[in-house]
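Whatever order the structure lists ligands and atoms in, that order sets their numbers, starting from 1.
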Amino acid sequence: MGAIGDDGGWREANLARWDERVPIHAASPNYDLEAFKRGQDVIPPFEAAEVGDVAGMSVAHLQCHMGQDTLSWARRGAARVAGLDFSPAAIAQARALAEHLGYDAGRAEFVVADVYDAAAAMPEAAYDMVYVSCGAIDWLPDIRRWAEVAASLVRPGGFLYVSEFHPLHFSLDDATGSRVLHSYFRGGPLVREDPGSYADPAAVTVHNTSYQWVHTLGDVVSAVAAAGLRLEFLHEHDKSVFARFADMSRAADGYFRFPPEAPAVPLMYTLKAVKPGRP
Ligand SMILES: C[S@@+](CC[C@H](N)C(=O)[O-])C[C@H]1O[C@@H](n2cnc3c(N)ncnc32)[C@H](O)[C@@H]1O
């Protein structure tokens with residue numbers, strides 16, 4: 001990625017927005033850092049089941065935010081984890097959490113970098129798993145380039161695992177999620193002015209402009225394939241880790257769903273793609 005200012009302003013605007021929201025998130029019950037410090041594991045069980053045993057593995061987490069997911073993989077037995085985010089505020093929180101948990105840099109390392117610069121910025125050249133989770137890729141304009149970077153960080157025989165919100169959710173009405181209001185096929189960016197945050201809608205914020213891109217499922221899968229990875233699965237889920245629509249409520253299993261009588265639409269997807277070859 002070029003320097004700030006030569007990209008139409010998306011990067012600078014998004015960075016200012018994320019940096020401002022980190023302290024809001026760190027103080028929010030949504031992210032509940034105190035519970036995390038006490039031992040909470042934030043990896044959703046369906047992700048853990050799909051990924052399988054990570055004992056002894058090296059894990060790279062792209063767009064790691066405050067590092068809770070990253071560090072949860074370490075808690076689950078990963079030998080080394082590394083998180084990357086372009087927000088210095090987010091990485092400061094992640095490093096503080098790692099230190100609190102007693103992980104040194106050899107066990108858990110966090111770097112400030114744009115995801116497009118990850119190949120040069122990550123501490124190791126290649127990882128057993130490259131992990132990307134919820135609300136990450138829609139901040140990136142070029143999905144092909146993202147896939148190339150992510151794939152370059154997977155060691156032969158290793159895999160990329162993505163758990164994301166389904167791109168259809170950008171098309172649906174905010175209340176019921178059952179009416180299609182916007183085209184699924186959009187170029188970009190979607191430029192929005194949204195004060196507050198999903199973790200604290202009432203928070204007072206000044207950096208409210210965001211630039212996002214809707215990457216269709218076809219574009220994501222095609223980009224991953226073009227980057228040389230072999231798709232092992234693509235699962236679409238009728239549940240979410242986030243109450244994206246007003247009509248959703250938390251079910252007994254902890255996930256958010258629409259009422260049973262509502263039309264079922266895909267809310268999240270998970271993807272696993274393997275790099276051919278042997279370590
Ligand atoms: C929704 S959060 C990540 C989701 C994570 N699962 C969580 O909730 O903790 C998105 C993250 O992407 C980061 N980000 C956005 N654009 C980026 C870019 N171009 N390079 C690196 N990080 C970026 C933001 O700073 C933010 O921490």
Side-chain angles (χ1 to χ4, degrees), residues 1-4 6-26 28-33 35-36 40-44 46-48 51 59-73 81-95 97 110-122 130-143 145-150 153 161-165 169 188-190 192 194 196-200 205 207 209-213 215 240-244 256 268-270:
M1 217 21 37
I4 287 176
D6 67 1
D7 56 18
W10 67 266
R11 187 181 180 282
E12 187 177 15
N14 285 350
L15 177 55
R17 183 183 165 84
W18 278 109
D19 257 345
E20 185 184 32
R21 277 150 186 78
V22 167
I24 297 166
H25 291 187
S28 74
N30 187 301
Y31 279 92
D32 202 348
L33 294 188
F36 185 76
Q40 187 190 46
D41 173 5
V42 299
I43 301 300
F46 69 91
E47 289 187 10
V51 166
V59 175
H61 181 190
L62 302 180
Q63 296 175 252
C64 67
H65 202 39
M66 298 185 293
Q68 287 161 281
D69 296 345
T70 330
L71 293 166
S72 291
W73 290 117
V81 299
L84 171 146
D85 202 284
F86 76 168
S87 161
I91 292 300
Q93 283 290 347
R95 286 178 180 152
L97 278 181
F110 290 94
V111 296
V112 178
D114 193 285
V115 75
Y116 289 123
D117 298 327
M122 291 299 272
V130 173
Y131 173 76
V132 177
S133 78
C134 296
I137 62 173
D138 53 305
W139 299 100
L140 308 174
D142 186 338
I143 200 65
R145 196 165 159 204
W146 163 81
E148 283 164 13
V149 171
L153 286 165
Y161 180 81
V162 179
S163 177
E164 262 293 5
F165 298 120
H169 82 69
L190 310 181
R192 299 204 289 216
D194 290 322
S197 161
Y198 53 86
D200 183 358
T205 53
H207 297 293
T209 309
S210 64
Y211 291 73
Q212 285 172 286
W213 289 264
H215 300 298
S240 181
V241 294
F242 177 57
R244 159 73 179 81
F256 293 92
M268 290 187 65
Y269 69 92
T270 47

Next item on the list: Please report which non-hydrogen protein atom sits nearest to atom 25 (O) of ligand 1, along with the residue it belongs to and the distance in Å to one decimal place.
Entry: D85 OD1, 2.6 Å

Checklist line | ligand 1 versus A90: contacting region, heavy-atom distance under 4.0 Å | finding: neither

Next item on the list: Record the part of L15 in heavy-atom contact with ligand 1 below 4.0 Å; permitted values are side chain, backbone, both and neither.
Entry: neither

Margin query: Under 4.0 Å, counting heavy atoms only: does A118 come that close to any atom of ligand 1?
Written below: no

Check: What orientation do F165 and F242 show, parallel under 30°, tilted 30 to 60°, or perpendicular over 60°?
Finding: tilted

Item checked: Side chain, backbone, both or neither: L140 near ligand 1, heavy atoms under 4.0 Å -> side chain

Check: Please state which protein non-hydrogen atom is closest to atom 7 (C) of ligand 1 and give its distance, to 0.1 Å?
Finding: Y31 OH, 3.6 Å

Margin query: Which of the numbered atoms in ligand 1 are under 4.0 angstrom from any heavy atom belonging to Y198?
Written below: 1 (C)

Check: What residue and atom, counting heavy atoms only, is the protein's closest point to atom 4 (C) of ligand 1, and at what distance?
Finding: C134 O, 3.0 Å

Next item on the list: Indicate the ring-plane relationship of Y31 and H25, choosing parallel, tilted or perpendicular according to the 30° and 60° boundaries.
Entry: parallel

Next item on the list: Within a distance under 4.0 Å of any heavy atom of S87, pick out the atoms of ligand 1 and give their elements.
Entry: 25 (O)

Checklist line | Nearest-option assignment for atom 21 (C) of ligand 1, heavy atoms, candidates W18, W139, F86 | finding: F86

Item checked: The one among S163, C64, S133, G135 that brings a heavy atom closest to atom 1 (C) of ligand 1 -> G135

Check: Side chain or backbone of A113 under 4.0 Å from ligand 1, or both, or neither, by non-hydrogen atoms?
Finding: backbone

Item checked: Sub-4.0 Å heavy-atom contact, D114 with ligand 1 -> yes

Check: Looking at atom 12 (O) of ligand 1, what's its closest protein heavy atom, distance included?
Finding: Q63 NE2, 3.2 Å

Check: Side chain, backbone, both or neither: which part of Y116 has a heavy atom under 4.0 Å from ligand 1?
Finding: neither

